[in-house]
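Next up is a structure, given as structure tokens.
Every heavy atom of this structure was used, including side-chain atoms; hydrogens, water molecules and symmetry mates were not. Numbers restart at 1 for each chain; the letters A, B, ... are given by sequence-line order, proteins then strands.
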Amino acid sequence: MRFYYIAVFLFIHLRLWALGPDAEVLKRETTITVKHKQLIKSEFICIKINNPDGDKYANISIGYTDNNPVSDLDAWLEDVNGKHIKDLEKKEIDVHSEIAPFTLFEDSYVKQFQLKHNVYPYVIKYKYTQKTEDFFYLCHWSPIVDENLVTDDARLTLDLPADYKVAMHNNLMPEPVIDNKESRTVYVWQCKYDKILHAETLCTPLGELLPNIIIVPVDFTYGTPGSQKDWISFGNWYSSLIKGLDVLPKSEAEVVKKSIEGITDKKLIVRKLYQYLQDNTSYVSVQMGIGAVKCFPASYVSEKKYGDCKGLANYMKALLNVAGIASDIVLIHADGSQDAGRMINDFPSSQFNHAILMVPLDNDSVWLDCTSHINPAGYLGSFTQNRYALVVQENNSRIIKTPAFTPDNSYTFSRNLVRIDTSGNSFVEGKDVFKGEPFELYKSLKASVNSAEVKNVLYFQMPYHDFEIKKYNIQCNSRDSDIAHLSYSILVKSNVQVSAKSYSYRMDGMKSKTFESPSKRHLGVRISYPDRYVDTTEVIVPAHTHWKANKPTDINNKYGLLKVHFILNKDRVMVCREFILKNGDYSIDEYKAFYDFIDMSKRELYPALIFTKDE
Amino acid sequence: MLVFGLYAVFVSAQVEEAPSDTTVIRELKLTRYDPDTTADAVVLSSVVNISLIDIGQGYRRYTTVKQRIRIMSDAGVHYGTVHIPLYNKGNAENEVSAITGIAYNLEDGKVVISQLEKKDLYTEKVTEGLTSTRFAIPKVKAGSLVYISYTVKSNDMNCFSWSFQEDIPVAYCKLSFSVPPLLIYKLNQQKMNGFVQTDEEGDQKQLIGAYEYKSTKYCFTGKNIEAFKDGSYMASVSDYLVRISFQLSKYRNAQTLTTISYMDTWPDFTKKVIDNDFFGGFMQSKPGEIKDIVKELKLHDMPQVLKVKKIVEYVRNSYAWNGVTAPLAQKKMKDFLDQKSGSSAEINLLLIALCNEAKLNALPILISTRGHGMVSTDYPFLESFNDVICLVKTDSLSVLLDATERNLPFYAIPLHCINGYGFVVERDSVKWVALQPKVLSQVDMNMYLEFNGLHDSIHASIIDKTQGYDAFIYRRTWHLGYDNFLKVHTPKNWDIIDSLTVKNTDQPDEPFIFSYKASEAMNRTEGDSGSSPGHLSFPPLLAAGFTDNPIKMDSRKYPIDMTFKHSYIFHSTIAIPDGYKLEEKPADYSYMMKDGGASFLYNVKVVSDGILQVYSTISFNQAVFPAEDFACLKKFYDEVIKKYREQVVLVKKN
């Protein structure tokens, strides 16, 4: 689904310019004009390239769609004194499609060109215009042209008819200068971007930290008239856009009716029909014109047996209609990363890139992501869990939060047996159980990845260094189960230090994340869902040795839980480890405390077991 | 485009009908494909017909493709989504037509057919001159049989190829090529062992005078072509695929019946290239400006090697490479000199012109870059090449040059140019030159290690000196940014405690040197529960040495191409903390791969009371290891890593 949603910025971290920047944006001037129901965007950008390392910023790309083509593109080179060097020629502009991965086709294109010079510094200037008559947002603007470049001077001008109503969401931007003249109102924001930020491990999303402004018209026509004055109005617009599309062809409706004959439990019907969808359709995305927002009718999906997220969700809604079960389309921002951006709940507008379905039942709601052909019915994964979304219902659209992962439904349980050999290797036989985020990985490995490739993925995923997989098996008990199992036999090379007096076995086998040390960290932490690992490893005490007992660890604080216990049981040392990284938001002020916990866990989770040779 | 004799033949370019019901039912019932039970989809049949049709102004080539693909699992469903690329740049004209896509599914014992509709075809503009027709066949799921057919019409009849191998197995394939009566093609078969060739007379005839010339139909049939999956450590996948290429070599003149060679001899080819306005003509087009530049460079009385260096530096620093590799210039010399930016051809042809003006005997070398495939010495065609570099050959000097990459020593060609042999463009001569770098590539790491007061961390002072292509890789990363450089070129678990100092970032002829201080936590040392009392143990190269075998695959059928030879040298000096003495150290060790392909040396010695030194070298003495050496190479890495993990044990003095 290609909604016009709020872009997430991916950059943070203060950078010191010891030798001056490779390039800098001297000026960005954007003018947004609404005139005669037309939206006109004019852009002028001026970039100074200071040295050959800055040449990469001389590659300019301008994206557009059929709905907002680029016109009047002019670009030229100047020296630092403003002396004209050369103009961009038309033949130097490359135009090509820009189709997102996993999308069959979309009407997105890029105009690309390069303007390089060999005498530094030099200045690239370019300008262009985009016009459209179909729109439901005016701009999502920031002074940033490139995430790695400062912008010395940026100006946004918004020129509107005086009676044109807009809604704005201003994040860290200065207040505008407003000029009311005759029939027009002109807003001007002037700012700069002088501290470059880069993303850090599980940091606060950059979109929340960088200056930007979103401006939408309160009333608009896109496919059909709509309003963004509140979520109910926005939902009504979307509802009217897709009205009547959730009807199955009669022939398929008969098949569906037959397939659920005799089943009275609504939950079972939902599951049965979801599996019907999974078995009979595939995800194929085509995004053109209004099709980027409006779904294909259920009859189209029925005929082709494919569709994109909104097409499949609407088709599922149609299947449920046949069973007399009501359901609602839910618009959501899908993002699997831990640092997914938050929805701006008090700013009714399109902030979505995905559609799912909610089926309200008597006691509970069943959530269905209709693009997944492997997950069990009702499973909302890391892409959509624990976030606000818009339930679309005529005159009753509302913001709702999706269910969240907890340490009880997102974890890795591991049980291993380790044999140490005298040459310094160890053999590990293990069984892992996955739920939540790791379940999604292993389920997809089982169902969607070529079995010959799976081993390569396991080499990347398994938390060991320099090892060979001798045997492995991934199992998912049934399609309704949200648990995956991995059993394996591996040879871990040279992780046992053999000396004349002892064997020292360094424990491995648990995953951990690497965070920046406090001196290098600039941003707070956001953990959207918890990571939980529980591991029981039995290490067979090598013959003619005895184990020197390790000290246990027990820590439970606001950041997580860390337990490492050791038990000697006949010829085996049993090491029980548990680690939970709890979800939460931590400011940079408390990063040191958070990091200390991470640092401590790194040391305690991987103890060395010493087996001293008997005298 | 050549225009041949006026005759007309009819060749059907229509797509054959879809498979029969019996075939469909049999193939839908297939539950496994024994030669590859892991396959997500199998091409059960791939039939390709190539024919040439005279349209009055020359020939058009029609390639009709018909494939039946059985989807074996959910992971194979995407084989029902098809992309057909079409190249239409310059004189090339290609178009696709007669696209058919059908999915067959068994539902309740009955075959259900779903057909692709014309309105569901989309055209993507991939790049300038390259489009892709994209479509998704409806109702494709695990268990479906997919039938795809289409015809591509092309105006290129001179040189074309077909690959039988895909990333899924092909159970049966057949390619036939009907050659009209008066044309003669040269065929180049690659890795087609096991194919059956059954050539026959075609059904086209042409009567010229008393002679009747018949068409020839080449026909190749293969079975059980395995999936091609592993593309790592190779210059170009196309060098290893099962494929065939066709090259027009001769034609008979319809009036005189004389056989005329279409394919040039190499000397003819050379002549054409030298006479081309965008190659030889480009270099000679602005003699005055070339002369002036050389004059400005003041090369008099310099040794030849310095002249070369100065010219390469001048071109690199004065003309920006636009990222395009090309064998011919794409603009006039005047425009290039004005704009100061251009393709590899423009930059290197200028370099050659300047060298020759300075009496340095420079010659252009046409090459095919890595990724573009190896050049066949049988085909004197410009299309085989996609780049041009320079060879300077004097009495005292023979060196390959390229002026597009400023991070390399002046005497080194970029990594993408290291690919087999290059053709020396010299009148009345046919010579090839090996594109093997003579540059020494080396990483030399010097470390001084000492414990902190608590003995729970080791502080390391490091000086890394890199040369040749290793220096190039480091230098290039450096120019991408400080943070990225630290991430890529320092061990992962090191905490960098002092900022980096770097030398020669912009002096590519000098070693790239960087030094920094770092610490590595000793996870368990004295006093902790996991160690013997009074003992400190650690690998003496810490995490700086190799820690993980980069070769993960179990077997390999293709050579392992590392691009260039290189070596590592590690020196580590360890200060034994006061109150401690050495109890145990790794034994000295050396290991050599068979035939000396790679060698490893590891020595640890006590140089004085309290100082321990480690010296280790790893040398990869060849850039390409044959497939049969795969296991030896993997074992070589294992041996190195095992040794690097061995620990020095220090014990408290009584």
Between B:Ala39 and chain A, which part of the residue has a heavy atom less than 4.5 Å away: side chain, backbone, both or neither?
backbone
With only heavy atoms counted, which part of B:Val126 is less than 4.5 Å from chain A, the side chain, the backbone, both or neither?
backbone
Under a 4.5 Å cutoff for heavy-atom pairs, which residue among A:His373, A:His96, A:Lys304 has the most contacts with chain B?
A:Lys304
Contact part of B:Thr123 toward chain A, heavy-atom cut-off under 4.5 Å: side chain, backbone, both or neither?
backbone
To the nearest 0.5 Å, what is the distance between OG1 (B:Thr133) and CZ (A:Phe105)?
10.5 Å
Any donor-acceptor pair under 3.5 Å from B:Gln647 side chain to A:Gln497 backbone:
no
Using a 4.5 angstrom heavy-atom cutoff, name the option from B:Asp120, B:Thr37, B:Asp74, B:Asn105 with the most pairs to chain A.
B:Asp120
Residue part contacting chain A, namely of B:Asp638, when any heavy atom lies under 4.5 Å
side chain
Just how far is it from atom CG of B:Asn317 to atom OH of A:Tyr120, taken to the nearest 0.5 Å?
9.0 Å
For A:Val498 and B:Glu584, the nearest pair of non-hydrogen atoms, with its separation, is O-OE2, 3.9 Å
When B:Thr131, B:Ile641, B:Asp40 are compared by non-hydrogen pairs under 4.5 Å with chain A, the top option:
B:Asp40
Indicate yes or no: does B:Glu583 engage A:Lys501 in a salt bridge with an N to O separation below 4.0 Å.
yes
If you measure from CG on A:Asn456 to OG on B:Ser232, what distance do you get to the nearest 0.5 Å?
9.0 Å
Side chain / backbone / both / neither for B:Tyr644 at chain A, heavy atoms under 4.5 Å:
neither
Could you look at A:Glu468 and say if it's the side chain, the backbone, both or neither that has a heavy atom under 4.5 Å from chain B?
side chain
Got B:Pro138 and A:Lys305 here, is their nearest side-chain heavy-atom distance under 4.5 Å?
no
Side-chain donor or acceptor of A:Lys116 paired with backbone N/O of B:Asn322 under 3.5 Å
no
Interchain contact, A:Phe460 with chain B, by part (heavy-atom threshold 4.5 Å):
neither
For B:Lys643, which atoms come within 4.5 Å of any heavy atom of chain A: side chain, backbone, both, or neither?
neither
Part of A:Val284 within contact of chain B (heavy atom distance under 4.5 Å):
side chain
Heavy-atom pair count under 4.5 Å with chain B, highest-scoring of A:Asn495, A:Thr281, A:Val286, A:Thr514:
A:Val286
Could you walk me through whether B:Lys229 and A:Glu453 satisfy the salt bridge (charged side-chain N to carboxylate O under 4.0 Å, His left out) test, starting with their C-alpha distance in whole Å, then the side-chain angles of each, then the deciding distance to 0.1 Å, before giving a yes or no?
CA-CA 9 Å; B:Lys229 281 179 182 154; A:Glu453 298 294 320; 5.3 Å; no
State which residues pass side-chain contact (heavy atoms from CB on, under 4.5 Å) with B:Thr127; sequence neighbours excluded, sorted by chain then number.
B:Leu130
Run the numbers on B:Gln339 and A:Ile85 for side chain to side chain contact (heavy atoms under 4.5 Å, CB included), then give the verdict.
CA-CA 9 Å; B:Gln339 293 168 7; A:Ile85 299 169; over 6 Å; no
So, the part of B:Trp321 with a heavy atom under 4.5 Å from chain A: the answer is backbone
Any heavy-atom pair between the side chains of B:Thr38 and A:Asn450 that's under 4.5 Å?
yes
With no hydrogens and no angle check, is any side-chain donor or acceptor of B:Arg645 less than 3.5 Å from a backbone partner on A:Lys493?
yes
Between B:Asp554 and A:Lys455, does any NZ, NE, NH1 or NH2 come within less than 4.0 Å of an OD or OE carboxylate oxygen?
yes
Test item: A:Lys56 and B:His479 side chains (from C-beta on) under 4.5 Å apart, heavy atoms:
no
Tell me, for A:Lys86 versus chain B, whether the close heavy atoms (under 4.5 Å) come from the side chain, the backbone, both or neither.
side chain
Do other residues, nucleotides or ligands put more than 12 heavy atoms under 6.0 Å from the CE atom of B:Met553?
yes
Step by step, work out the side chain to side chain contact (heavy atoms under 4.5 Å, CB included) result for A:Tyr306 and B:Ile137.
CA-CA 9 Å; A:Tyr306 62 63; B:Ile137 299 170; over 6 Å; no
State whether A:Asp279 and B:Lys141 are salt-bridged, where the test is any N-O pair (Lys NZ or Arg NE/NH1/NH2 against Asp/Glu carboxylate O) under 4.0 Å.
no
Partners of B:Asp548 by side-chain contact (heavy atoms from CB on, under 4.5 Å), sequence neighbours excluded?
A:Asp466, B:Lys552
Flag, side chain of A:Ser97 to backbone of B:Glu124, donor-acceptor distance under 3.5 Å
no
Check whether B:Ser114 gets within reach of chain A through its side chain, its backbone, both or neither, counting any heavy atom under 4.5 Å.
neither
Here the gap from A:Leu77 atom CG to B:Ser341 atom OG, rounded to the nearest 0.5 Å, amounts to 9.0 Å
How far apart are the closest heavy atoms of B:Arg134 and A:Thr103, and which atoms are they?
NH2-O, 2.9 Å
Using non-hydrogen atoms and a 4.5 Å limit, figure out which bit of B:Glu128 sits close to chain A: side chain, backbone, both or neither.
both
Which bit of B:Ser318 comes within less than 4.5 Å of chain A, counting heavy atoms only: side chain, backbone, both or neither?
both
Quick check: closest heavy atoms across A:Ser448 and B:Ala75, and the distance to 0.1 Å?
O-CB, 3.1 Å
Measure B:Thr547 against the heavy atoms of chain A and call it side chain, backbone, both or neither at under 4.5 Å.
backbone
Side chains of A:Glu303 and B:Glu117, heavy atoms from C-beta outward: is any pair under 4.5 Å?
yes
